[in-house]
Amino acid sequence: MHHVAPPNPRDRSLLRQESEMMAPSRPAFGAAQRPDFITALEHDTFDVLVIGGGIVGAGVARDAAMRGLRVALVEQADFASGTSSRSSRLVHGGLRYLENGQLHLVFEASQERRTLMRIAPHIVRPLQFLWPVFDGARIPTWKLRAALTLYDALALFRNVAPHHALSAAAISTLEPALRRPGLRGGATYFDAATDDARLTLLNARAAHDAGAVVASRVRVDGLLLDARTVRGAHAYDTIANRSFDIAARTVVNASGPWSDTIRRFAEPNATASVRGTKGVHIALPAERVGNAGAVTLLSPVDGRVFFVLPAGATTIVGTTDTDYDGEPEVVCATPEDVDYLLRSVDAYFPGARLTPSDVIAAWAGIRPLIGGDPRHPDALSREHAVTTTAPGLITVSGGKLTTYRVMARDTVDAVQRMLGVPAREARTGTVALPGGAGHLEAQREAAAQRTGSHALAAHLVHRYGSEWADVWSLAEANGALAVPLSPPLPYIHAEVAWAVAREMALSLGDVLMRRVPVAWQLPDHGLTLASALAASYGWTAADVAEYARDAATAYGPAALPLVTPSRGS
Ligand SMILES: Cc1cc2nc3c(=O)[nH]c(=O)nc-3n(C[C@H](O)[C@H](O)[C@H](O)COP(=O)(O)OP(=O)(O)OC[C@H]3O[C@@H](n4cnc5c(N)ncnc54)[C@H](O)[C@@H]3O)c2cc1C
C-alpha cells in the first residue's frame with residue numbers, strides 16, 4: 001500500500017490554522033508551547049506542585065485548578081507512561097471485590113462508573129460482559145447470581161442495564177467458540193471500557209485548560225526543604241538537560257509505584273508504604289481466540305478471575321497478579337506470565353490452541369497498592385490513602401483508575417486544609433472532560449456526513465468526542481492527513497499531527513504507544529510506522545532506535561521476537 005507522506009505539522013501554515021481553533025484564553029497544549037510552560041514552572045510560585053502524570057496526578061491537578069488554586073503538574077516521562085497505560089482499561093464497580101466483602105468500595109466505584117460515562121461518554125463506554133459458569137467452578141451459578149444482584153443494588157439499579165441470567169444454550173449462542181462440555185449457565189452484566197492513557201491525557205489537558213502549568217519530561221530529583229517543611233522541588237528537564245527549582249506552598253506526591261522514592265526525599269528513613277503487584281496483559285488476533293465479546297472467566301491454573309476483552313481486531317487477555325519489588329521502569333512480561341494467560345484462555349476456547357507465536361504484544365504494569373499481606377497479592381487493598389508524609393508533602397496512593405476522581409477530591413481537600421483555606425469542592429463530576437460534551441449519536445451523524453465514511457466517523461467520535469471536527473479539519477486542510485496510518489487499523493495521519501500540536505506528544509513513543517496506540521496492535525509494535533513517520537515530524541534515526549528499545553521493553557517479553565527498525569529516516 002502506497003502511503004503519502006504527510007507534511008511536517010510544525011509547518012507554520014498548519015500551526016496557524018490550529019491556533020485559530022484554540023480557545024483565546026489558554027495556549028494550545030502542544031509540543032511547541034512546552035518551553036513557555038517550563039519558564040512558568042521556573043518563575044512562578046504555586047499553591048500546589050503535583051508530582052506524577054498518571055491518572056491520579058492528572059486528576060489531582062484538574063481538581064485543584066478547577067478550585068482556583070495555582071497548580072503545577074510535572075511528569076518525568078510521558079503522561080500515563082507508568083501504570084496508567086497498563087491497566088485492563090475497565091471503569092468498573094469491581095465485581096470481584098464483593099468476594100472480599102468490600103461493599104463500600106464497589107458502591108463508590110459504581111457511582112464513579114456512572115459519573116465518568118457522563119463526563120467522558122466518548123471514551124468511557126458501556127461494555128457487556130458474559131460470565132459463564134462451568135461444573136466445579138469456585139463460584140457456582142447461585143453465588144454468581146446473588147453477587148450480580150448485589151452488584152446491581154450497589155449501583156442503585158442505575159447501571160446501563162441489570163444483569164441477566166442465562167442458560168448454557170443461550171451462552172453458547174452468544175459465544176459459540178466457548179467450551180461447551182461442563183457449561184452450566186451464567187449471566188451477562190455491564191461495566192464500562194475505556195482507554196486508560198487517553199483518560200489520563202484528557203485530565204492533564206483539562207488541568208491545563210483550567211489554568212494549571214503542566215509539563216512532561218520534567219523529573220523531580222529532590223524536594224526543596226525549609227527547615228523540615230517541603231517548599232517545592234528540584235526538577236530536571238530531560239529534554240533541555242538542565243536543572244531548575246519549582247517553588248510551591250504544598251507538594252502532592254502522586255507518583256504511584258514510585259511513591260516511596262519521593263517520600264524519602266523528605267524522610268530518608270521512611271518505611272515502604274506502597275506494595276507493588278505486577279499485572280500482565282497479552283494481545284492476540286481476535287479471530288484466533290474466537291470470542292464474540294467480553295468474557296469473565298476463572299483461571300484453571302489458580303482460580304483467579306481474568307478477562308477476555310474485545311479490542312478491534314485484537315483480543316486482550318489479562319491479567320496476572322504477582323508480587324513485584326523490582327524497579328518500576330523495567331517491569332515487563334515474562335514467558336511464564338504469557339504462558340499462564342495462554343493456558344487460561346486456551347482452557348475455555350478449545351479451538352484456539354494458542355502458542356506464544358500468536359501473541360502480538362505483552363505488557364506489564366504495577367498496581368501501587370497500600371497495606372495488606374504481600375504473600376497474597378490478590379487480597380491487597382484497592383482502597384486509597386491520603387497522608388501528610390512530611391510538613392508540606394501530601395502523598396496519595398492506592399486506589400484504581402475508576403476511582404481517580406474521588407482520590408483527587410480527597411487529596412485536594414487535604415491540600416486546602418494544609419494551605420489554611422476552606423475546602424471547596426470542584427465540579428469535576430459535572431464538567432465534561434475535553435470532547436465529552438454533546439450527544440455522541442448526533443456527532444457520529446455529522447462526522448459521517450463530513451468525512452463521507454461511517455467507519456471513520458465512528459472512530460473519530462469514539463477517540464475525540466466533540467473534538468472530532470478539529471481533528472478532521474486538519475485533514476480537510478491537507479488531504480495527506482486524511483490517509484490511514486496503518487490499514488486496516490482505523491487511525492489516520494491527522495491524529496498524529498493532533499497529538500503533537502494539541503496533546504503534548506514529544507516522542508514517537510508518546511504518539512504510537514499512548515495517543516494513537518498502534519504499538520500493542522501491530523506485530524512489529526509500530527516500528528515500521530515509526531520509521532515512516534520520523535522524517536515528517538523531525539525525529540531522527542536515533543529517535544527511531546529509542547522507539548525500538550522502548551517498544552521492546554514495553555510490549556515484547558523475552559519470548560517475543562521484535563523486528564529492527566529500517567534505516568534511512
Ligand atoms: C494490570 C493492571 C490492571 C488494572 N486494571 C484496572 C482496571 O481495569 N480498572 C481500574 O480502575 N484500575 C485498574 N488498575 C489500577 C490502575 O491502573 C492504577 O491504580 C492507576 O493507573 C495508578 O495510577 P497512578 O497515577 O497512581 O500511577 P501511575 O500511572 O504509575 O503514575 C505515576 C507517575 O508518576 C511519575 N513519576 C514517578 N517518579 C517521578 C518523578 N521523580 N518525577 C516526576 N514524575 C514521576 C511516573 O512516571 C508515572 O507516570 C490496574 C492496574 C494494573 C497494574
Side-chain angles (χ1 to χ4, degrees), residues 49-61 72-94 96-97 105 108-109 112-113 116 124 127 191-194 196-197 199-200 203-204 215-223 233-238 246 251-265 274 276-282 306-307 309 316 318-322 324 327-329 331 333 337 341 363-370 377 382-384 395-408 411 514:
L49 163 65
V50 184
I51 304 171
I55 189 67
V56 177
V60 169
L73 168 65
V74 294
E75 159 57 46
Q76 65 180 355
D78 184 22
F79 306 106
S81 56
T83 306
S84 298
S85 57
R86 296 144 192 262
S87 78
S88 302
R89 304 172 191 162
L90 299 178
V91 170
H92 58 166
R96 70 197 179 89
Y97 308 137
L105 217 64
E108 185 175 71
E112 283 306 299
R113 181 180 59 201
L116 295 181
V124 182
L127 180 64
D191 263 317
T194 191
D196 47 5
L199 185 63
T200 304
N203 275 277
S216 55
R217 302 299 191 304
V218 173
R219 188 180 67 222
V220 165
D221 283 340
L223 295 171
H234 299 294
Y236 188 78
D237 178 343
T238 63
I246 304 172
V251 174
V252 167
N253 172 11
S255 56
W258 290 262
S259 291
D260 288 326
T261 306
I262 301 289
R263 278 182 62 215
R264 287 179 187 134
F265 288 146
V274 167
T277 81
K278 185 176 85 163
V280 169
H281 289 89
I282 55 175
F306 75 101
F307 300 114
L309 300 164
I316 294 177
T319 163
T320 62
D321 199 347
T322 51
Y324 183 80
E327 293 297 322
E329 284 85 357
V331 66
D337 296 323
L341 294 171
W363 59 95
I366 304 170
R367 300 177 184 84
L369 303 177
I370 49 172
R382 260 61 173 174
E383 291 181 71
H384 67 269
T395 295
V396 51
S397 42
K400 55 184 193 155
L401 192 78
T402 306
T403 52
Y404 82 90
R405 223 179 45 85
V406 178
M407 299 174 74
T411 306
R514 287 169 291 273

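What you are looking at is a predicted structure, and each value in this text was computed from that prediction instead of being measured. Start at 1 and go down the list; that is how both ligands and their atoms are numbered.
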Q) Which heavy atom of the protein is the closest neighbour of atom 2 (C) of ligand 1, given with residue, atom name and distance? A) R86 O, 3.6 Å
Q: Could you find the nearest protein heavy atom to atom 49 (O) of ligand 1 and give me its residue, atom name and distance?
A: E75 OE1, 2.7 Å
Q. Distance only, no hydrogens: is a donor on one side chain within 3.5 Å (strictly under) of an acceptor on the other, for R367 and T319?
A. yes
(Q) Yes or no: does V218 have any heavy atom under 4.0 Å from an atom of ligand 1? (A) yes
Q.
Any nitrogen or oxygen of L401, side chain or backbone, less than 3.5 Å from one on ligand 1?
A. yes
(Q) Heavy-atom pairs closer than 4.0 Å: do any link ligand 1 to the side chain of T319, the backbone, both, or neither? (A) side chain
Q: Can you pull out the closest protein heavy atom to atom 31 (O) of ligand 1? Residue, atom name and distance to 0.1 Å, please.
A: G54 CA, 3.4 Å
Q. Which of the atoms of ligand 1 are close to G399, meaning less than 4.0 Å from one of its heavy atoms?
A. 19 (O)
(Q) Quick check on K278 - does any of its heavy atoms sit under 4.0 Å from an atom of ligand 1? (A) no
Q. Should you measure from each heavy atom of I366, which atoms of ligand 1 turn up under 4.0 Å away?
A. 53 (C)
**Q.** Qualifying residue, where the test is side chain to side chain contact (heavy atoms under 4.5 Å, CB included) with V252 and the options are I262, L73, V396
**A.** V396
Q. Who gets closest to atom 29 (O) of ligand 1 by heavy atom: A109, S84, S85, G93?
A. S84
